[in-house]
Amino acid sequence: MIAGLSLPQKALPPKYFYDARGSRLFEAICRLKEYYPTRSELALTRAHLGAIARFAGRRGAPAVTLIEYGSGASVKSRLLIEALRPSAYIPVDISADALRHAAAKLQRLFPCLGIRAVHGDFSRPLKIPVAQARGRRVVYFPGSTIGNLTPEEAHAFLRMTRGQVGLSGAMLVGVDLKKDANVLHAAYNDAKGVTAAFNLNLLARINRELGADFSLRRFRHYAFYNAALGRIEMHLVSLERQTANVGDHRFAFEAGESIHTENSYKYSIEGFRALAAGAGFRGGKVWLDAKGMFSLHGLVAS
Ligand code: AVJ
């Protein structure tokens, strides 16, 4: 936090949004009419579930270990688990609460499924519990969480994952698509202000957990589509000249100066396939929802 707030363009990593309240606010975002990604990805998963499960489970591999990064409430994985029937499911999430609830719920639904929740951050290589990682390894990375990474970071992440699933493994990645900037703008500037509350909750969390004194009233949520870079940027903009303390560090803000809190990259289908190819994956398959808003890529090692 200190390092990020010391940059010329102040910036904080979006993974810190997800404390218990932040995870709840994110779930509320997913239900907003303006926020199309969740609904689109669910629709495409339902529409193509058979094909997706055949892709993930093929090559006669009897056992599949399904690893999910950023599993959150595991809503989409429930569908996939039903169709794929993996022998083990390893959800990985930075929010301990979300992880515990999702794992308990899935265990009730699938009593025979070996569930091994891993509380952590998928930006570093993950130690997969070996006893659970039987058969074919399939990494599921839905929600366009990959959009939080820059293309360079996404490349490194895909390379790391390819190493993790090995030559016989596969990856399923949900990727939000480029579209009309007005649709993107609405999705990140909802009328009820839930996205604004989600963004501002980061400051509330820093205040509570790091003894900081950000005045939440003096910052405003700001999100826009940066077309040149193909990404939504979220910022917290200081409404006036002010200072804020984090521990013994004092940070000065000019009026209008911002903290950059999130990027959400949008890809073309070809653009994402090229990125995956550069990281050693063959773009095996791509599935879309009926409106062509969102994509799910099935990748195998090339
Ligand atoms: C969870 C990273 C995919 O970028 O759309 C939603 C997070 N931020 N509204 C996204 C988010 C603001 C979301 N991801």
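First listed ligand is number 1; within each ligand, the first listed atom is number 1. Basis for what follows: all heavy atoms, side chains included, without hydrogens, waters or symmetry-related copies.
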Looking at [atom], what's its closest protein heavy atom, distance included?
atom	answer
atom 3 (C) of ligand 1	Gly143 O, 2.9 Å
atom 13 (C) of ligand 1	Tyr35 OH, 3.3 Å
atom 11 (C) of ligand 1	Glu262 OE1, 3.6 Å

Aromatic contact between Phe251 and Phe214, with the criterion being ring centroids under 6.0 Å apart: yes or no? no
If you take the centroid of each ring, where Trp contributes its six-membered ring, are Tyr36 and Phe294 closer together than 6.0 Å? no
Verify the neighbour count for atom CZ of Arg250: are there more than 12 heavy atoms of other residues, nucleotides or ligands below 6.0 Å? no
Can you tell me if Tyr16 has over 12 outside heavy atoms packed within less than 6.0 Å of its OH? no
Donor-acceptor contact present, side-chain Ser302 to main-chain Gly280, <3.5 Å: yes
Taking the side chain from Asp176 and the backbone from Tyr267, do they hold a donor-acceptor pair closer than 3.5 Å?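 Between the backbone of Tyr267 and the side chain of Asp176 there is no qualifying donor-acceptor contact (under 3.5 Å).
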Looking at ligand 1, does [X] have a heavy atom less than 4.0 Å from it?
X	answer
Tyr36	no
Phe198	yes
Gly147	no

Looking at [X], which atoms of ligand 1 are within less than 4.0 Å of one of its heavy atoms?
X	value
Ser264	4 (O), 5 (O), 10 (C)
Tyr18	1 (C), 7 (C)
Ser144	3 (C)
Phe26	1 (C), 6 (C), 7 (C), 13 (C)

Which is it for Phe17 and ligand 1 at heavy atoms under 4.0 Å: side chain, backbone, both or neither? neither
Pairs meeting criterion ring pair (Phe, Tyr, Trp, His ring centres under 6.0 Å) with involvement of residues 153-180, two or more places apart: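 Every ring pair (Phe, Tyr, Trp, His ring centres under 6.0 Å) pair that includes a residue of residues 153-180, provided the two are not neighbours, is Tyr69-Phe157, Phe122-Phe157, Phe141-Phe157.
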Residues clustering with Ile269 (ILVMFWY side chains joined when closer than 4.5 Å, directly or via others): Leu177, Val286, Leu288
